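Just so you know, these numbers come straight off a predicted model, no measurement behind them. We use all heavy atoms of the structure for the numbers below, so side chains are in, but hydrogens, waters and symmetry mates are not.
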Amino acid sequence: MRTERFCALTLVGVLLCGCEASTSIDLASAGYAQADQIKLAVEGVDLLDDGGSEHELDSDADDVVDALDYSNADTLQLVDGAEVAQGRYTGLRLRFSSVGSALYTSDGAAYPIDIGSNLTFAEMDMELDDGESGSRLVIFEPRFSLQASTTTDGHYTLTPVLRVVHPDHAASITGTVDDELVRSTACRQSRTLGTGAAVYAFVGANVTPQDYQRNSGASPVAAADVKTADDGAS
């Protein structure tokens, strides 16, 4: 009887261990002309499965990172081959700490970043079978994620807008914008010429655009600052 009981327990342990997969998560960022550095204290990654359960993964990155270091094709590895339960994952959320998070402008001014409450999961679709490994790239959009605090002067509030894509499906768009469009008063809206203008990308055609600050219309899938050429002419 003892031998049989030992064999049964061993078999159960093998079955439980065999229902695991692994995942790796990398971080990239869109650009943000209004800041020289965006220091973020990333504590970890939360995954949401299709049953509504949350799975916490610790970050392998440094305690505080400059998101803008990863806005030019470089990526930061947040999670490297962490074990997770097999199944389908439909959401991803980053965990941040206010300690160490700050926005720095080109003149050296520092603005503390407060973490918003009730951060939501960004949509993702990753299905992992037993023993399978999956990876995803998280793209952080600072233009939509950072707002001047309404409660504390000199602070920003971070409510992250993230896109989660398969690394093989990430891409980039480059091009030029007609100088007359940027000079238009409809684009400048009283801003200094050459500052504050951006290009937004939407899915489809003839959409009613919004920029995450409104409750109706289509949200962009990407945005980029319009930068003046080195010669200042275009």
Side-chain angles (χ1 to χ4, degrees), residues 4-30 40-97 115 118-142 144-145 158-173 201-204 212 218-223:
E4 291 175 357
R5 184 181 299 113
F6 175 79
C7 292
L9 291 174
T10 302
L11 178 60
V12 171
V14 170
L15 290 175
L16 290 175
C17 293
C19 297
E20 290 184 343
S22 64
T23 186
S24 296
I25 308 293
D26 289 359
L27 174 70
S29 174
L40 298 176
V42 184
E43 294 184 328
V45 178
D46 296 338
L47 298 180
L48 180 70
D49 65 32
D50 58 359
S53 297
E54 299 179 11
H55 307 259
E56 293 188 358
L57 305 176
D58 292 332
S59 172
D60 297 326
D62 293 338
D63 292 341
V64 178
V65 299
D66 181 3
L68 297 184
D69 283 345
Y70 307 97
S71 61
N72 294 302
D74 291 333
T75 61
L76 172 68
Q77 189 163 67
L78 296 178
V79 175
D80 182 14
E83 291 186 351
V84 294
Q86 68 174 26
R88 183 166 178 253
Y89 294 90
T90 58
L92 183 148
R93 178 177 63 194
L94 299 183
R95 276 180 281 116
F96 299 92
S97 170
I115 311 304
N118 300 321
L119 303 188
T120 59
F121 284 89
E123 291 184 3
M124 69 177 294
D125 190 359
M126 180 173 67
E127 188 163 0
L128 298 174
D129 293 329
D130 182 14
E132 189 176 6
S133 177
S135 60
R136 288 296 182 268
L137 176 65
V138 182
I139 303 171
F140 170 63
E141 282 283 2
F144 307 134
S145 303
L158 173 67
T159 306
V161 171
L162 308 171
R163 298 195 310 281
V164 185
V165 300
H166 191 287
D168 293 342
H169 298 165
S172 62
I173 301 174
F202 295 86
V203 174
Y212 289 94
S219 295
V221 295

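The line from CD of Glu20 to CG of Leu128 is 12.0 Å long, rounded to the nearest 0.5 Å. The CG atom of Asp125 sits 9.5 Å away from atom CD of Glu123, with the distance rounded to the nearest 0.5 Å.
Residues forming a side-chain contact (heavy atoms from CB on, under 4.5 Å) with Ala85 (at least two apart in sequence, or on another chain): Tyr89. The side-chain contact (heavy atoms from CB on, under 4.5 Å) search around Ala201 returns Val221, Ala222, not counting sequence neighbours. Take Ala122 and apply the side-chain contact (heavy atoms from CB on, under 4.5 Å) test, not counting sequence neighbours, and it matches Leu162, Val164. Here Ser133 pairs with Ser22 under the side chain to side chain donor-acceptor pair (under 3.5 Å) rule; sequence neighbours left out.
When all heavy atoms of Ala67 and Ser29 are compared, the closest pair comes out as O-CB, 3.2 Å. Contact detail for Gly81 and Ser24: the closest heavy-atom pair is N-OG, 2.9 Å. Residues Leu119 and Leu158 share a closest heavy-atom pair of CD2-O, 4.2 Å. Among all heavy-atom pairs drawn from Ala223 and Ala30, the shortest one is O-CB, 4.3 Å. The two residues Pro220 and Phe202 come nearest to each other via the heavy atoms N-CE2, 3.5 Å.
For residues 118-138, there are no ring-ring contact (aromatic ring centres under 6.0 Å, His included) pairs, not counting sequence neighbours. For residues 69-78, no residue pair satisfies the side chain to side chain donor-acceptor pair (under 3.5 Å) rule, not counting sequence neighbours. Counting only residues at least two apart or in different chains, salt bridge (Lys or Arg N to Asp or Glu O under 4.0 Å) contacts with residues 77-87 are absent. Within the structure, side chain to side chain donor-acceptor pair (under 3.5 Å) contacts touching residues 46-65 (residues at least two apart or in different chains) are Asp46-Arg93, Asp46-Arg95, Asp49-His55, Glu54-Arg93.
The side-chain heavy atoms of Leu40 and Leu94, taken from C-beta on, include no pair separated by under 4.5 Å. Contact check for Arg136 versus His166: side-chain heavy atoms found under the 4.5 Å cut-off.
Under the side-chain contact (heavy atoms from CB on, under 4.5 Å) rule, Asp26 has a single partner from Leu76, Leu137, Val138, Ile139, which is Leu137.
The main-chain N or O of Gly134 is found under 3.5 Å from a side-chain atom of Thr23 such that the two form a donor-acceptor pair.
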